[in-house]
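Report on the following structure.
Only heavy atoms go into these numbers, but all of them, side chains included; no hydrogens, no water, no symmetry mates. Only a predicted model underlies this, so the values are computations on that prediction, with no experimental measurement involved. Note on naming: letters A, B, ... go to the chains in the order of the sequence lines (proteins, then strands), and numbering restarts at 1 for each one.
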Amino acid sequence: MPDNDALEIDGVAFTSRLIMGTGGAPSLEGLGAALAASETELTTVALRRYTAEAGSSLFELLDEQGIRILPNTAGCFTAREAVMTAEMAREALATDWVKLEVIADEQTLLPDALELVEATETLVKKGFKVFAYTNDDPVLARRLEQLGAAAVMPLGSPIGTGLGILNPHNIELIASRATVPVVLDAGIGTASDAALAMELGCDAVLLATAVTRAQDPTRMATAFKHAVIAGRLASRAGRIPRRTHAQASSPIRDRADA
Amino acid sequence: MSYTLNGRARDTVPVFTLKHLVAEITGRELSDTGQPLDERRLGVAVAVNAEVVPRHRWAGVTINDGDDIEVLTAVQGG
């Protein structure tokens, strides 16, 4: 592309608007190939108890590909747990970026709005750059931004469902009002979902299992790379308005007598 | 006399610091500021009794009887 259309978060510029997480991949080798195909420049990791197998091989893979790490607080149910996990992540990974995930229950994995707000406030005060994983609620998204979130990340649908974007109107409203980057996070099933997110005005898309659990993850990662580029271009190009009735594109005048 | 490491009991050893512990379980040699001597990313964080202990302090913190220690690292996730 001749024009510069970088995604900027907390002063860091990214060429790719696709953030591919590392979750759900059955093998590190397959994950590496999918990450490379996606051309992502930022990826998520979770924090768990140290084992001899964990850690270093994943770091090698990500450092080799030059992919920046965004630690998450997945599995946290309270603000207190999420803050502790973020502090451990900052220490382990030497980054003050955190994908803040505070979920309400294991069945829905939906964000707990009250705990999320409390954790965002605390983490911002502690100097973290908070990427807030949130419901598709325009009011809550704005609150998180006002509390100092570096990015707001509304869900398309619940984590891992692949149901796509269930409330496009709300996503569009969130994107149109935000002054920080809006990242569509969770629920993406296939390439058209990611393209739609970008067309609705999101600044980026975050997904993991849509790629890692696809039958051919590398091919799906390539599809998402193109989908995000296509959706972004379409969003900037300005689509035609929707009409009730047909409108011919060929001229009506000067037709031959039949 | 024991402490807990990631939920499992371990016998307390005299004058055993967090630096010794991290070096032992990761198999990496560490400087007194907690940096790995091989200069590759260590990617580990330590909390003692739910308080994060920055790596530059590991060499100065002795493990005590009854301590609850968590050592975390990054794994694949979301």
Side-chain angles (χ1 to χ4, degrees), chain A residues 19-28 31 35 43-63 69-75 80-81 83-95 99 101 103 109 133 153 159-160 185-186 206-209 212, chain B residues 2-11 13 16-61 63 67-78:
Chain A
I19 304 169
M20 193 192 132
T22 60
S27 79
L28 209 56
L31 175 65
L35 284 169
T43 193
T44 56
V45 298
L47 247 75
R48 291 295 178 266
R49 284 174 167 170
Y50 182 89
T51 63
E53 305 80 48
S56 58
S57 50
L58 181 60
F59 295 136
E60 269 169 41
L61 173 73
L62 300 179
D63 290 342
I69 297 177
L70 175 63
N72 69 26
T73 62
R80 196 187 57 79
E81 286 172 0
V83 169
M84 177 72 184
T85 303
E87 288 183 325
M88 289 293 267
R90 176 157 71 178
E91 174 61 25
L93 302 168
T95 176
K99 174 184 163 178
E101 217 177 306
I103 53 174
L109 299 178
Y133 169 63
M153 310 215 291
I159 293 170
D185 183 1
L206 197 164
L207 55 87
T209 53
T212 56
Chain B
S2 67
Y3 64 97
T4 309
L5 171 64
N6 289 349
R8 289 191 178 183
R10 285 180 138 223
D11 290 336
V13 181
F16 192 65
T17 66
L18 292 179
K19 181 191 142 181
H20 292 132
L21 177 69
V22 174
E24 182 204 306
I25 66 173
T26 61
R28 309 271 289 274
E29 277 191 80
L30 304 177
S31 72
D32 276 346
T33 56
Q35 299 300 327
L37 298 185
D38 59 25
E39 291 183 354
R40 288 183 297 118
R41 191 199 282 266
L42 184 63
V44 163
V46 178
V48 178
N49 303 325
E51 287 287 329
V52 181
V53 182
R55 63 182 61 192
H56 67 85
R57 288 185 41 216
W58 290 349
V61 176
I63 297 172
D67 278 348
D68 184 8
I69 300 175
E70 293 281 346
V71 179
L72 304 188
T73 190
V75 299
Q76 291 177 41

From CG (A:Leu61) to CD (B:Gln76), nearest 0.5 Å: 8.5 Å
Atom group of A:Ile159 that falls short of 4.5 Å from chain B, counting heavy atoms: neither
Engaged part of A:Leu206 at the chain B interface, taking heavy atoms whose separation is under 4.5 Å: side chain
Atom pair CD/CG of B:Glu70 and A:Leu47 - distance to nearest 0.5 Å: 11.0 Å
Contacting moiety of A:Ala74, where chain B heavy atoms sit under 4.5 Å: neither
Residue that, paired with B:Arg41, satisfies side-chain contact (heavy atoms from CB on, under 4.5 Å) out of A:Leu58, A:Ile69, A:Leu62: A:Ile69
Proximity breakdown for B:Ile25 and chain A, heavy-atom pairs closer than 4.5 Å: both
Crowding at CD, B:Glu29 (>12 non-hydrogen neighbours, <6.0 Å): no
Expected output: side-chain B:Thr73 to main-chain A:Tyr50 donor-acceptor under 3.5 Å: no
More than 12 heavy atoms from other groups under 6.0 Å of CZ on B:Arg28: yes
Nearest heavy atoms of A:Met88 and B:Leu72, plus distance in Å: CE-CG, 3.7 Å
Atom of B:Ala74, atom of A:Leu93 and distance for their closest heavy-atom approach: CB-CD2, 4.2 Å
Shortest non-hydrogen contact from B:Val75 toward A:Thr22: O-OG1, 4.3 Å
Chain B contacts, top residue of A:Ala92, A:Gly23, A:Gly24 (heavy-atom pairs, under 4.5 Å): A:Ala92
Backbone N/O of B:Asn6 and side chain of A:Arg49: donor-acceptor pair under 3.5 Å: yes
Contacting moiety of A:Asp185, where chain B heavy atoms sit under 4.5 Å: neither
Contact summary for B:Arg55 and A:Glu91, nearest pair of heavy atoms: N-OE2, 2.7 Å
